[in-house]
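To start, the structure itself, in structure tokens.
Only a predicted model underlies this, so the values are computations on that prediction, with no experimental measurement involved. Order of the sequence lines sets the chain letters (A, B, ...), proteins ahead of strands, with each chain counted from 1.
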Number of protein chains: 2
Amino acid sequence: MQWDDARIFLAVAREGSFSSAAKRLGVQHSTVSRRIRALENKLAAPLVERKASGYVLTEAGEELKQSACRIENELLSFEGAVGGQTDEVAGELRVTAIANMASSVLMPYFARFSAAHPKIELSVQVTNNSVRLSEREADIAIRQTNKPQDTLIGTRLTTIASAVYGSRDYCAAVKSGQAAEKWIGVDCCENHRNWTRQAWPQAEHEFYVDETSLTLAALKEGLGVGFLPCFLGDSDPGLARFHEPEKQHELGLWLLYHRDLRNIKRVALFREHMQREIKQAAALFEGAMPISHPAGQLA
Amino acid sequence: MQWDDARIFLAVAREGSFSSAAKRLGVQHSTVSRRIRALENKLAAPLVERKASGYVLTEAGEELKQSACRIENELLSFEGAVGGQTDEVAGELRVTAIANMASSVLMPYFARFSAAHPKIELSVQVTNNSVRLSEREADIAIRQTNKPQDTLIGTRLTTIASAVYGSRDYCAAVKSGQAAEKWIGVDCCENHRNWTRQAWPQAEHEFYVDETSLTLAALKEGLGVGFLPCFLGDSDPGLARFHEPEKQHELGLWLLYHRDLRNIKRVALFREHMQREIKQAAALFEGAMPISHPAGQLA
DNA sequence: TAACCGTTTTGCAAAAATGCACATGGCAGG
DNA sequence: CCTGCCATGTGCATTTTTGCAAAACGGTTA
């Protein structure tokens with residue numbers, strides 16, 4: 001039996017289709033198709049059933065998936081043990097994060113990590129909150145939460161404070177009574193939604209957004225005030241704080257990964273790198289008033 | 001990482017050389033050499049140290065061997081689970097037995113098994129008693145012993161009785177006082193050696209042999225008397241029993257295999273086949289006087 | 001029903017791995 | 001000291017595997 005066939009099958013079992021398995025493996029779908037077929041022939045047992053909607057694993061397929069998972073762990077831990085001995089770390093590393101963070105604050109950190117470890121292929125993917133790390137859709141997830149899934153392990157990188165922001169002009173106008181207080185309906189995540197409902201109980205909005213980048217843009221347009229993570233609000237010169245950040249609106253920023261990856265050198269390196277980088281920018285995340293406009297704070 | 005590389009490395013680690021690993025894998029040694037080198041490059045860690053006398057596994061190599069072993073078991077047990085569902089059993093099966101048995105009594109059994117399961121590639125190898133089944137040098141071993149290694153599992157197929165034989169003429173001559181009693185020094189195995197020493201304490205021999213087929217030939221030449229398994233002595237019309245078989249000279253015939261193979265269909269099939277075959281020939285093995293010359297017994 | 005989407009399969013050319021033959025190098029025995 | 005043997009490494013031809021493009025399939029939607 002070709003042991004590699006198990007590896008390919010595992011990808012299929014996880015991804016749910018030949019094409020996506022192929023993409024993940026970095027080969028052609030035709031290759032996947034042919035090898036799975038060959039494997040089925042060799043075993044004289046079907047592994048996947050081509051059903052109407054998508055497909056399902058047969059009983060044998062499930063068995064093989066389990067076995068292949070264990071094999072993967074076996075090799076992973078071996079690689080972890082050996083990897084520690086070699087100087088330069090190589091391999092691929094797939095990191096997933098929420099869009100607004102990955103494309104803004106985090107990107108420089110990613111860039112520096114990549115530069116420091118040229119042999120590691122770093123691939124960043126944005127995902128809407130739910131990545132099944134147990135299915136190895138990514139190696140590492142960076143998430144904002146206060147209760148990380150306990151099947152995963154990782155580190156609390158920092159605290160993310162959120163505050164209520166509005167455009168500088170709009171905030172001034174409201175505070176001087178020249179404009180009415182309006183709130184933007186921020187539906188980007190469960191937390192922001194709840195906070196908004198609490199802070200603005202009438203729950204009337206003229207404008208709704210479901211993504212943080214949209215919130216940012218809407219606030220800048222002076223469409224109202226709304227919750228925004230401080231690292232975004234404070235770094236935009238067009239915005240001002242309408243309310244100061246409060247403890248209850250703090251979220252943890254977690255770097256999470258699967259237990260089986262805990263001994264993999266490149267995962268550990270990435271974790272340490274992120275810890276170092278974020279430590280330096282702690283003030284920004286935790287909502288300490290930025291240096292660029294300290295006047296309001298000191299006055 | 002290519003999972004197949006682990007499979008190839010495992011063969012190397014077990015066999016102790018690239019060439020024999022290649023033979024076992026059914027590929028060219030150059031392939032083995034190239035793949036091991038590629039693997040070492042990928043891991044950036046040497047796996048085997050090319051020493052003066054042969055070679056040794058590095059620490060990393062030992063680790064990988066362990067991991068690969070576990071992976072093999074994983075796939076083996078999967079194959080076992082799935083194999084049960086399919087109708088025709090396929091795969092390779094390597095059986096080892098002592099030369100004198102494999103080439104005589106056992107061969108017809110092997111032949112019938114092979115005919116009954118054409119998809120199983122049966123390879124029979126003679127080995128001098130010590131096969132390291134734990135290193136998978138063979139899948140199944142057939143051995144004469146009274147205390148099988150407890151790391152292995154298997155079945156006691158039958159009892160092998162041994163008796164003292166000589167050529168018909170020579171036996172008659174000794175019994176009528178026309179010839180002196182001479183014993184052949186049978187050094188084929190520990191047991192026969194000890195029994196001979198016991199039965200012929202003067203331990204003087206004019207002729208020594210270290211293999212059962214030689215014993216047989218020597219006895220037929222009338223060079224003396226000596227111990228021989230009944231299944232050999234009784235089926236040779238030129239020989240006669242000089243002493244009857246005794247309980248203390250009985251050995252078990254064991255069919256042994258590694259624990260990990262217990263769920264493999266083809267192993268189970270082989271075991272059942274051999275049990276059936278040998279049950280039918282029980283009388284022969286156990287030393288019940290053969291039908292062909294009952295006269296001496298009944299008279 | 002037809003057209004479209006995504007997925008899988010198939011045919012053919014390119015790329016990669018393998019086998020083969022030979023060269024090399026260490027070790028044991030004459 | 002040489003010679004033969006065994007194990008490993010290398011260059012080239014062949015086989016096998018893979019990638020690519022296009023076709024077939026299945027299901028959904030207009």
Take the protein atom [atom1] of [X] and the nucleotide atom [atom2] of [N], then report the distance between them rounded to whole Å.
X     : N      : atom1 : atom2 : result
A:E15 : C:dG6  : CD    : P     : 17 Å
A:Q2  : C:dA17 : CD    : P     : 13 Å
A:D4  : D:dT16 : CG    : P     : 18 Å
B:H29 : C:dG19 : NE2   : P     : 10 Å
B:E49 : D:dT8  : CD    : P     : 15 Å
A:L25 : D:dT17 : CG    : P     : 17 Å
A:R34 : C:dA16 : CZ    : P     : 16 Å
A:I36 : C:dT8  : CD1   : C1'   : 13 Å

Closest to side chain of B:S33, choosing from C:dT10, D:dG9, C:dG19: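 When the side chain of B:S33 is considered, D:dG9 is the closest of C:dT10, D:dG9, C:dG19.
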- Task: Look at the side chain of A:F18 and decide which nucleotide, out of C:dT8, D:dG19, D:dG9, has an atom nearest to it.
- Result: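 Selected nucleotide (nearest to the side chain): C:dT8.
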N or O in side chain of [X] less than 4.0 angstrom from [N] OP1/OP2:
X     : N      : value
A:T31 : D:dT17 : no
A:R37 : C:dT10 : yes
A:Q28 : D:dT18 : no

Query - Residue pair B:S30, B:S33: steps toward the side chain to side chain donor-acceptor pair (under 3.5 Å) verdict - result: CA-CA 5 Å; B:S30 44; B:S33 168; over 6 Å; no
* Asked: Base, sugar-phosphate, or nothing: which does B:R35 touch, judged by heavy atoms less than 4.0 Å apart?
  ->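 Here B:R35 touches the backbone only, sparing every base.
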If you look at every strand shown and take non-hydrogen atoms under 4.0 Å, does B:V32 touch a base, only sugar-phosphate, or nothing?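 B:V32: no heavy atom of the nucleic acid under 4.0 Å.
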Next on the checklist: On the side chain of A:S30, is there an atom forming a donor-acceptor pair with the base of D:dC20 - under 3.5 Å, no angle test?
Outcome noted: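 Yes, the side chain and the base share a sub-3.5 Å donor-acceptor pair.
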Item to complete: Kindly say whether, by distance alone, the side chain of B:S17 makes a donor-acceptor pair under 3.5 Å with the base of D:dC6?
Response: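 Flag unset: no donor-acceptor pair detected.
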field: Step-by-step side chain to side chain contact (heavy atoms under 4.5 Å, CB included) determination, B:L57 to B:L47
entry: CA-CA 6 Å; B:L57 295 186; B:L47 295 170; 6.0 Å; no
- Query: Does the B:N263 side chain pair with the main chain of B:S77, one donor and one acceptor, at a distance under 3.5 Å?
  - Reply: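 No, because the side chain of B:N263 does not come within donor-acceptor range (under 3.5 Å) of the backbone of B:S77.
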Q) Does B:D260 reach the main-chain N or O of B:N73 with its side chain, forming a donor-acceptor pair under 3.5 Å? A)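 No; zero donor-acceptor contacts below 3.5 Å.
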**Asked** Does the ring pair (Phe, Tyr, Trp, His ring centres under 6.0 Å) test come out yes or no for B:F113 and B:H273, once each step is laid out?
**Response** CA-CA 7 Å; B:F113 180 80; B:H273 175 85; 5.3 Å; yes
query = Does A:G26 or B:S19 map to a spot on DNA chain D nearer the 5' end, using the closest nucleotide for each?
reply =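 Looking at the nearest nucleotide for each, B:S19 comes out on the 5' side.
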